[in-house]
Protein chains: 2
Amino acid sequence: MDVIVRKPLARRSHAERTAQAETKLVDAAVALIIERGIGGMTLKDVGELAGYSRAMAGWRYGSKASLCAYVVRAVGDEWIQALQQAVQDKVGLAAIHAATDAHYRFVRTDAARIRAFYLLWFDSIGPDLELKQVIVNIHARRQRDVEAWIKSGIAHGLIRADADVSGVAAQFCATIIGVVYQWLVTPTARHAIKALHEGLKQQMTRALIPLANAVSAPRLR
Amino acid sequence: MDVIVRKPLARRSHAERTAQAETKLVDAAVALIIERGIGGMTLKDVGELAGYSRAMAGWRYGSKASLCAYVVRAVGDEWIQALQQAVQDKVGLAAIHAATDAHYRFVRTDAARIRAFYLLWFDSIGPDLELKQVIVNIHARRQRDVEAWIKSGIAHGLIRADADVSGVAAQFCATIIGVVYQWLVTPTARHAIKALHEGLKQQMTRALIPLANAVSAPRLR
DNA sequence: TTCGAATTTTCTTGTTGCGAACAAGTAAAT
DNA sequence: ATTTACTTGTTCGCAACAAGAAAATTCGAA
């Protein structure tokens, strides 16, 4: 009667404990950020939702800001992986289009982590220097990738040689952020989000395609 | 000796008191939002910076969220005025370019109110329904304006008749937000912000100009 | 019209509850 | 035993509200 069957909590190594706590806490943080926003996510609730005490999250990460920065780093790394997987060894516009399509797919599946990631991204305009630095790094990485795709396209003769590489890359990154903002505000308007991604692809095509082909650029929709 | 010269606090009417309090409180809120971010802006400091007691801001607006919504409404109205002034009765691409240039000028002067306005704008991705509603309204208004400019351009034969009006307008609005995000994160990089605005103008030109003229679209920079 | 309560509106001081951050302790692994 | 993982206890600051003080307005007389 009083015998309670326990899961094999057995004997976990320190490394295991740490790793398990990490994932549980991050998952809890992501869930709470999505549910209540960043301001509504409290360290107390993160700890308790993860199955620990109220102070666990605060103890582990030192501060709410550090937890946020950690989440962005963690999800950002996954993201880089997925993007590389999608682009593979494509070059030029093909790479840009593949990256844009991949972005839309991620957003479309509305994976909780992506949503929390971008919510934190937009929070980086605040005075939190730690988070801002993480975002700046990811942003710089993204822009470098786009520049590399454009340069490779030029090298292969697929992109007009006189293209403003860093300018167009900056334009791409800025627009992606604008599109993401739209998605965060109206996550249900899938068609509109899809159209914005398609528009971005077309915008890049118009900006980068060799002049001889310019007039034959496909129309939107 | 004991005679103290007082400023003419005299007798202010209720309307005057209210109006003066309103401007002082909004100015204080804007200053604090810029200095410490939205999370760092406290109702206590807003009230005291405005020359009142710690509870003044809270009493006046009911809550921090309501104060934020009020600030966005107030600055948003000024903004609409200024934009109409800049566009006047222009049509088509001329209107879009004028609006974009005006946007850059506002951002370039870095008026404190504009900065606070957009900081609050990006905060609208949070769960604050009141602020979100205000932003959604401003956004809808902006998109309608752009659509009207495009339509007027089509009517005057200055824009290709088969343009996807709402699609291109959405693209414009999304990109503006992306550009603004860049500005908020790196407000010092004026050249880059200028380039993004120019890129946006060019992007709109490419998307809307009649096909016969497409190849002669000016290059960036 | 003018004076002066009574009333309404504006603003302040008092209080509560909650969260972040940290301190000091307990439990678990090495 | 010693280090590492985690919990309970405490402090401080802020948002939100309550109840009171001060300023303006209304209104009924003379």
Side-chain angles (χ1 to χ4, degrees), chain A residues 6-26 28-29 32-33 35-71 120 123 126-131, chain B residues 6-26 28-29 32-33 35-71 120 123 126-131:
Chain A
R6 295 202 166 279
K7 292 193 69 175
L9 293 176
R11 187 182 167 86
R12 298 175 300 165
S13 73
H14 272 166
E16 283 170 338
R17 286 175 80 106
T18 303
Q20 289 174 7
E22 203 104 292
T23 54
K24 283 182 186 172
L25 288 170
V26 169
L32 288 169
I33 285 172
E35 188 182 333
R36 307 177 197 169
I38 299 173
M41 180 263 290
T42 72
L43 290 176
K44 171 175 166 284
D45 288 347
V46 169
E48 290 176 348
L49 182 60
Y52 296 91
S53 74
R54 79 192 145 71
M56 177 64 169
W59 174 79
R60 204 63 137 109
Y61 297 99
S63 70
K64 183 172 173 174
S66 292
L67 168 59
C68 289
Y70 183 87
V71 170
L120 288 164
D123 219 51
D128 178 350
L129 293 179
E130 186 179 359
L131 179 58
Chain B
R6 294 205 166 278
K7 291 196 69 174
L9 292 177
R11 188 181 165 86
R12 297 176 301 166
S13 73
H14 272 166
E16 283 171 336
R17 286 176 81 103
T18 303
Q20 287 175 8
E22 203 106 290
T23 54
K24 283 182 186 171
L25 287 171
V26 169
L32 288 169
I33 285 171
E35 188 181 334
R36 308 178 196 170
I38 300 174
M41 180 263 290
T42 72
L43 291 176
K44 170 174 167 284
D45 288 347
V46 169
E48 290 176 349
L49 182 60
Y52 296 91
S53 73
R54 72 191 152 74
M56 177 64 169
W59 173 79
R60 205 64 136 100
Y61 297 98
S63 71
K64 184 171 173 176
S66 292
L67 169 58
C68 289
Y70 183 87
V71 171
L120 288 164
D123 219 50
D128 179 349
L129 293 179
E130 188 180 358
L131 178 58

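From a predicted model like this one, the values you see are computed outputs, not experimental measurements. Chain identifiers are assigned alphabetically (A, B, ...) following the order of the sequence lines, protein sequences preceding nucleic acid strands; residue numbering begins at 1 within each chain.
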For C/dC11, does OP1 or OP2 lie under 4.0 Å from any side-chain N or O of B/Arg60?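 For C/dC11, OP1/OP2 do have a side-chain N/O of B/Arg60 under 4.0 Å.
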Is any side-chain nitrogen or oxygen of B/Thr42 closer than 4.0 Å to OP1 or OP2 of D/dG13?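 For D/dG13, neither OP1 nor OP2 has a side-chain N or O of B/Thr42 closer than 4.0 Å.
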Length of the line joining [X]:[atom1] and [N]:[atom2], which is rounded to integer Å:
X       : N      : atom1 : atom2 : answer
B/Glu16 : C/dT9  : CD    : P     : 18 Å
B/Leu25 : C/dC11 : CG    : C1'   : 11 Å
B/Gln20 : C/dT10 : CD    : P     : 13 Å
A/Glu48 : C/dC18 : CD    : P     : 13 Å
B/Asp45 : D/dG13 : CG    : C1'   : 10 Å
A/Tyr52 : C/dA28 : OH    : C1'   : 13 Å

Proximity to the side chain of [X] - top-ranked nucleotide from [options]:
X       : options                : answer
A/Ser53 : D/dT7, C/dT13, C/dA20  : D/dT7
A/Lys64 : C/dG14, C/dA21, C/dC11 : C/dA21
B/Ser63 : D/dA16, D/dC17, D/dA5  : D/dA16
A/Trp59 : D/dT10, D/dC6, D/dA15  : D/dC6
B/His14 : C/dT30, C/dT9, D/dC14  : C/dT9

Just call it for B/Arg54: base, sugar-phosphate, or nothing, with non-hydrogen atoms closer than 4.0 Å on any strand.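 Here B/Arg54 touches the bases of the nucleic acid.
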Which atom pair, heavy atoms only, marks the closest approach of [X] to [Y]?
X       : Y        : value
B/Ser66 : B/Tyr61  : CB-O, 3.0 Å
B/Ala57 : B/Gly47  : CB-N, 4.1 Å
B/Ala65 : B/Asp128 : CB-OD2, 3.1 Å

Using heavy atoms to find the nearest nucleotide of DNA chain D for A/Met56 and B/Leu43 separately, return the residue whose nucleotide is more 5′.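 In this pair, the answer is A/Met56.
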Using the closest heavy atom to pick a nucleotide of DNA chain D for each, name whichever of B/Lys44 or B/Arg17 lands nearer the 5' end.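 Result of the comparison: B/Lys44.
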Quick check for you: to the nearest 0.5 Å, what is the distance between B/Met41 atom CE and B/Ile33 atom CD1?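 B/Met41 CE to B/Ile33 CD1: 4.0 Å, rounded to 0.5 Å.
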For A/Arg60 and A/Leu67, indicate whether the former's side chain and the latter's backbone hold a donor-acceptor pair under 3.5 Å.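 No, because the side chain of A/Arg60 does not come within donor-acceptor range (under 3.5 Å) of the backbone of A/Leu67.
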